[in-house]
Amino acid sequence: MTQQTAPAVVEMTGISVEFPPVRALDGVDFRLRPGEIHALMGENGAGKSTLIKALTGIHSPTAGTILVDGVERRFTGPADARAHGVSTVYQEVNLCENLTVAENIMLGAEPRLLGGLHWPAMRRQAASHLKRMGLDIDPSSSLGSHSLAVQQLVAICRATVSDCKVLILDEPTSSLDTDEVAHLFTVMRQLRSDGVAILFVSHFLDQVYEVSDRMTVLRNGSLVGEYATADLPPAELVQHMIGRSMEVLEAAEEVVEHAERPAGATPLLQVVGLGRKGSVQPFDLDLYEGEVVGLAGLLGSGRTELARLLTGADRADVGQTRVAGQVTRLRTPRAAMGHGIAYTSEDRKGEGVVDGLTVRENIVLALQARRGWMRPLPRKQVDELVASYIQQLGIRPADPEALLRNLSGGNQQKVLLARWLATAPQLLVLDEPTRGIDVGAKAEIQKLVADLAVEGMSVVFISAELEEVLRISHRIAVMRDRRKVAEIDGGGATMDQVVDLIAGGGTR
Amino acid sequence: ASDAGGEPAGGGETDAAAPDDGVITLGFSQVGAESGWRAANTKSIQDTLTAENGFDLKFSDAQQKQENQIQAIRSYITQGVDVIAFSPVVETGWDPVLQEAKAAGIPVILTDRAVDSSDETLYESFIGSDFVKEGEMAGEWVVEQYDGEGYKAVELQGTTGAAPAIDRKEGFESAVEGSDLEIIDSQTGNFTRAEGKTVMEGFLNKHDDIDLVFAHNDDMGLGAIEAIEAAGMTPGEDIKIVTIDAVKDGMQALADGKINYIVECNPLLGPDLAEIAKKVIAGEEVEKRIVVEDLAFDQESAKEALPTREY
Amino acid sequence: MTTSAPARATRALKIPTRLDRRYLPVLGTFVVLALMLVLGGTRYENFLTPAVVSNLFINNAHLIVLAVGMTFVILTGGIDLSVGSVLALSTVVTAALLQAGLPPAVVIPLAVGAGTVIGLAHGVMVHYFQVQPFVATLAGMFFARGLCFLIAPESIAIENASFVELASWVQIFGGWRMSSSVLIALVVVGLGFLVLHFTRFGRTVYAIGGGEQSALLMGLPVARTKVLAYMVSGTCAGLGGLLFAMYSRSGYSLTGVAMELDAIAAVVIGGTLLTGGTGFVLGSVLGVLVLGLIQTIITFEGTLSSWWTKIVIGVLLLIFVALQRILTLRRT
Amino acid sequence: MTNLLRHHLFWPVAALVVLLVANTIARPSFLAITVRDGHLFGAPVDILRTTAPLLLVALGMTLVIATRGIDLSVGAVVAVSGAVALSHIASSPNPDSPVTVLTAVGLALALCVVLGVWNGFLVSVLGIQPIIATLILMTAGRGVAMLITGGMITTVNSEPFKVLGSGFWLGLPVAAVIAFGVFAVVAFVVRRTALGMLLEATGINPAASRLSGVRSKTLTWTVYTASGLFAGLAGLLISADTMAADANNAGLFIELDAILAVVIGGTALSGGKFNLSGTLVGALVIATLERTVTVLGISPLVTPLFMALVVIAVTLLQSPRMRERLTAAARRPVATTPPEPQPAARPDSTEVKAR
Ligand SMILES: Nc1ncnc2c1ncn2[C@@H]1O[C@H](COP(=O)(O)OP(=O)(O)OP(=O)(O)O)[C@@H](O)[C@H]1O
Ligand SMILES: Nc1ncnc2c1ncn2[C@@H]1O[C@H](COP(=O)(O)OP(=O)(O)OP(=O)(O)O)[C@@H](O)[C@H]1O
Ligand SMILES: [Mg+2]
Ligand SMILES: [Mg+2]
């Protein structure tokens, strides 16, 4: 908005990218001006990440020209792009977990001493960059020891280390909570006022409206249009993105019915004093049939670790678990599955997708694993199952034989959901299931969760997006500092109340 | 040379030269256990250098690695044995460690294979067969039997680069030179039966007119027999076979008429080694080169020798 | 926004406890090595002497150099099967050229350079043609061995006076001995350590092992680094050959058969993961010493038959690996 | 054309064909098969027979590699298997009785299964890296084999056992029938049940597989056991081939050949997707290559060099980079066909670009 007339720093015209037989981008034009925050919008698989990768030289366009600062360029890769002032944070966290935080931030722009790395300076500089991002972690700790959200922030730190003219952030906020997002936006605005052009991708409409100046909308690999944020009401934006009206969204907006649970019913899963040293403090939790329990908390408050204890992904050292009244030890995820408990990890790349297998194989994996290898699912049944989930969740491309690694991030997430839904669990623990999912699909998923609950499934729902948790949950457990601090009724709770609890204001 | 030895040796504390307790501590570094021949060689040494015969044998297997052998010899030097004996993996590269042994005053005896050193004083004696001679003996017999018949021969070589393979090839070639025997193909069978068989199969596919096989050891020859039989021919008749080593299986095949001639390569070096070691310790003069007498067997003599064969 | 600060502060405090995990395998190896030395010392006479320890280094100098090079490659997630053959090639080239009358000053760079060139070829095949490292270097292994046979099927003694002088340079302090090859090996270890920890190249090696795709997207020079890693390994193999030629004063085409397995085993015992990204050069040195120690114990045992030798080597290897595993598991 | 070039078996098969052609040029009757006493004879039959043990070992190796592992111990297991079987036969009073031979085979295979279980235990329970875990057995196993044979080469005369190595069944070598039969059965089981997919999932992303309820540890354990069993069977075929158990040399370096066969067949060593038909072709390529060396009369001095060049050529041609180039070249003439119409849901054409 600020510098409408300034010459574009990046100008892409007629960009086409093909992954035969798919045409991921079809003659797209895109323009990025200095000193603006430009949102790139579109459904899952619309081609946003592909456009970014075409710009930074990971994919080579089959047609079109790219001008950077008025000079035609075809970058050979991220290193080349970075050397020309284009810094990128890609969609999946792409850092090296085995290196320290400081290295991940500074490598490539490392301070030197006598020709070698200057470790103390490196740590110092890394610490100051982390601070700017509002992150107080030890730069010499290894990156792998941090949660995904922290890694995401570190990735952003890295992108802002070197002097860049263009900063590209592909879904940087998908695993961040409100605080970190706010922090990130402060940083982004700061950079914008320094004249940096920022390309921002997010599926959170409110964030896009909060921070962006302009937006470009893609649908199915084609350009829909470029708009000034202020001139485009959200409803219209959604329509541009999904090509349908808002009805779907509105359907999900309805607050979930708050069904009373029958008094005296035994909980489906009851844990008493469950905990693990160095992870989560012992906690109690009852989960009933037909109920959605939301977990709210800040980044690193222990929601994920709680979920892992519930589902046997990690082994608890203390406490007791009762499944349908029977004391049971859930030592492995497989054991939990045996009791109808399913868990989708927040770490899509590391613990979710099996990226070398096809969509079909990924969807049936859990179901098949439960049946054992000797009883393969009949092919016909598999095909029907897969087709129905592809259709129900809108997975694109709708090709069961596509390799999962060739799907867009959001579509991979949908496949994972399908994997677990296919096992028809009694208790479904969803850790950030809507991460990186577009508005339309997100609404679908929320609706799906509500429907599943109505059908009697018990759901634990974790999401960085508080509204979502509030909207969908019958009951909310609040976590702070790896401890369950409160449990409130979802129906009556207001946003402020929960925020207060999360931040440590009061306990109930 | 079997005097009383009695009590087993203590450590190896003795400082070179004459042992005070009458027991000779001998460190032996064997190449490995890569073949039946080698196993027989090891057994002969272990059976001869016993406490009853006045020896305390320290044995180590180098697993066909020169570095292990050098290390073993160094270790014997530090342990202070009375005599060091070894079958070198390779001919070259022994000067430094042998100099160390010499400096420590420990005499060294070589068995089976020679070392290539300009300084002959580094070792006392070398006991072993002459590989070139073995090849020659095989070649001479072939010439004597079959010269004038225009025989076409194939050769199964030992491991490429190994001393016996090089020497036997050389000996055989020089012996058949001038005759009308023609070596039409030569390939390595790595001294093993299995490879001897596969290579021979290949030869049989390739040539229709093979009259004779010269194999650098019995094992490859035995492999070749399998291949020849599988191809529907009679080994020893349709195709003549000449090998080297004379291990038991080979002798049996010779007696059965499947092999035509075997030149012995005697692995029983234990007694010779014991005798030389005692002489060296006693300060007697020994010969630098002791060539082990290698016999040769044809089908008749094999039948006679077989019942008394030790290995 | 400010409300979350205290929460983070408490988390930050917990970090140092998880920090040292990376050093655990190396520590484990070290502890087990020390244990073995002490046990050997009580079991055998003359075992814990400077002479034995010096010999441990002198006998394994070439393997140390190989292991350093191998560490680079394994850290990138690759493997180099050719080092044994390249080592042999280097010994043969050294011996053949010296025999032909060339001065060591010319021969040494040529021998080492041969390794570098083969390493370069591996790097190019692995990176640019995306041939799997195992296969590319397996081909390299055949290739180098083939060249050895072409150059000299028979072993060649080295008699060049200045080379012999270089090879037999020894410094003695007390019972400790330091040969020129040990000195070279230690210098290589030092260089390896410095390069891995204090250069961008070194850190990129780790980054590639942590995730090649990630390293690429981070904008690190993946191509150059990977090719260089193989060149380092090739060069080390060439240098290892030189050290072996100094050690044995000869060149022989059948040297170093299966030595690549020793090098790989040393690196892995030293705590480096074959999947890449974690490990240390010093760990690899410890790994070499472990293997050397096993060999020393075998010699000191003195009465093992050939087959028991093999079995005992396997068992000792097992004990090492299992102990190391237990030590590292306990602490995590 | 493009499809053919892109097929994963294209290059391995091409390599095989080239080798066969080279052999036929050097020796026109190379491919000739004759019938003698109702059996088939000729170089192709020999190749099938020599492929047999390698194929078995490579089969186990493929499964192990699918789980991201590697099994270096197969050569040693081959030696142990032969040693056990032949020692049993040699020490029995009547080596020609089928019962003796069956017991020997049973004993050998049982021991090999135990060895495979041992490897699997080290890898999946103790979590030792596969290369080291199996290196232990690779070293110790030969020692065990030598212990059994006393360091000598054990030779036997036993007609029933000999059948394994050089017998014929329906005109085909028994060894080949066994190996190809086992291969077919395993391939069928792996692909017709869910085993293949679960193995691949384990190899590609162990963490995700665990969370999905795949019994990764059990699977891993199973494949090492299978690898041990197949290597044991290969050991029987190898020892029956020469009727001798050579503890030192039986199956020497067969692990490298097997890995090479797997890789030539298009399975990546990094685990995951595997390709059994590729392994089959790979094993044939290697057996043919060995035969080629003899037929072309290549001097032993340059044999390794020749092998290296062939391997380099095949792998380079097969490399993703080359494939891309070649498919691009093959596609160029047809590149002018109009792009496929975009599937469904195109944006409303009335949409105007806002500026
Ligand atoms: N390497 C690839 N091979 C084949 N197809 C690909 C590849 N990468 C992307 N695609 C396809 O290109 C299309 C666009 O994907 P892209 O990742 O750009 O979507 P996106 O807009 O970023 O979606 P999301 O919001 O889910 O991240 C998808 O249909 C995807 O399946
Ligand atoms: N500042 C930090 N320093 C170190 N570790 C952290 C920090 N923040 C989070 N973690 C890591 O995060 C994990 C605990 O958070 P967990 O992921 O369970 O919480 P969460 O509420 O699910 O948060 P997230 O939004 O990150 O998923 C632990 O593994 C912890 O080590
Ligand atoms: Mg995307
Ligand atoms: Mg979480």
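Throughout, protein chains are lettered first and strands after them, A, B, ... in sequence-line order, and every chain is numbered starting at 1.
- For the atom pair CZ (C/F142) and CG (D/L260), the distance works out to 6.5 Å, reported to the nearest 0.5 Å.
- Of the listed residues (D/L122, D/L135, D/I264, D/L72), the one with the most heavy-atom contacts under 4.5 Å to chain C is D/L135.
- C/F149 CZ: more than 12 foreign heavy atoms inside a 6.0 Å radius.
- Chain D forms the most heavy-atom pairs under 4.5 Å with one residue out of C/A139, C/P153, C/P133, and that residue is C/A139.
- The two residues C/Q132 and D/T267 come nearest to each other via the heavy atoms NE2-O, 3.5 Å.
- For a residue to count as touching a neighbouring chain, one of its non-hydrogen atoms must lie under 4.5 Å from one of that chain's; by this rule C/V257 touches chain D with the side chain only.
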Residue pair C/F143, D/L305: steps toward the side chain to side chain contact (heavy atoms under 4.5 Å, CB included) verdict: CA-CA 5 Å; C/F143 184 81; D/L305 215 52; 3.7 Å; yes
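- With contacts defined as side-chain heavy-atom distances shorter than 4.5 Å, the pair C/F134/D/I259 qualifies.
- Here the straight-line distance linking atom CD1 of D/I131 with atom CD1 of C/I74 works out to 7.0 Å at 0.5 Å rounding.
- The nearest pair of heavy atoms linking D/A140 to C/G314 is CB-CA, 4.0 Å.
- Only the backbone of C/T272 comes within contact range of chain D, judged by heavy atoms closer than 4.5 Å.
- The backbone N or O of C/L274 lies less than 3.5 Å from a partner atom in the side chain of D/Q129, making a donor-acceptor pair.
- Atom CH2 of residue C/W307 and atom CG of residue D/L147 lie 8.0 Å apart, to the nearest 0.5 angstrom.
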Walk me through whether C/F129 and D/L317 qualify under side chain to side chain contact (heavy atoms under 4.5 Å, CB included).
CA-CA 9 Å; C/F129 291 92; D/L317 283 173; over 6 Å; no
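- Taking chain C as the reference chain and counting heavy-atom pairs below 4.5 Å, the highest number among D/P300, D/G141, D/G150 is found for D/G150.
- Once rounded to the nearest 0.5 Å, the distance linking CE of D/M138 with NZ of C/K310 reads 9.5 Å.
- The part of D/F253 that comes within reach of chain C is its side chain, from C-beta onward, which places non-hydrogen atoms under 4.5 angstrom from that chain.
- Interface residue C/Q130: backbone and side-chain heavy atoms are both found under 4.5 Å from chain D.
- Only the side chain of D/V302 has a heavy atom closer than 4.5 Å to any heavy atom of chain C.
- When heavy atoms are compared at a cutoff of 4.5 Å, C/I79 approaches chain D solely by way of its side chain, counted from C-beta outward.
- Screening C/T309, C/I311, C/I313 for a side-chain contact (heavy atoms from CB on, under 4.5 Å) involving D/T139 leaves a single residue, C/I313.
- Both the backbone and the side chain of C/L147 have a heavy atom closer than 4.5 Å to some heavy atom of chain D.
- Contact annotation for D/A268: both backbone and side-chain heavy atoms come within less than 4.5 Å of a heavy atom of chain C.
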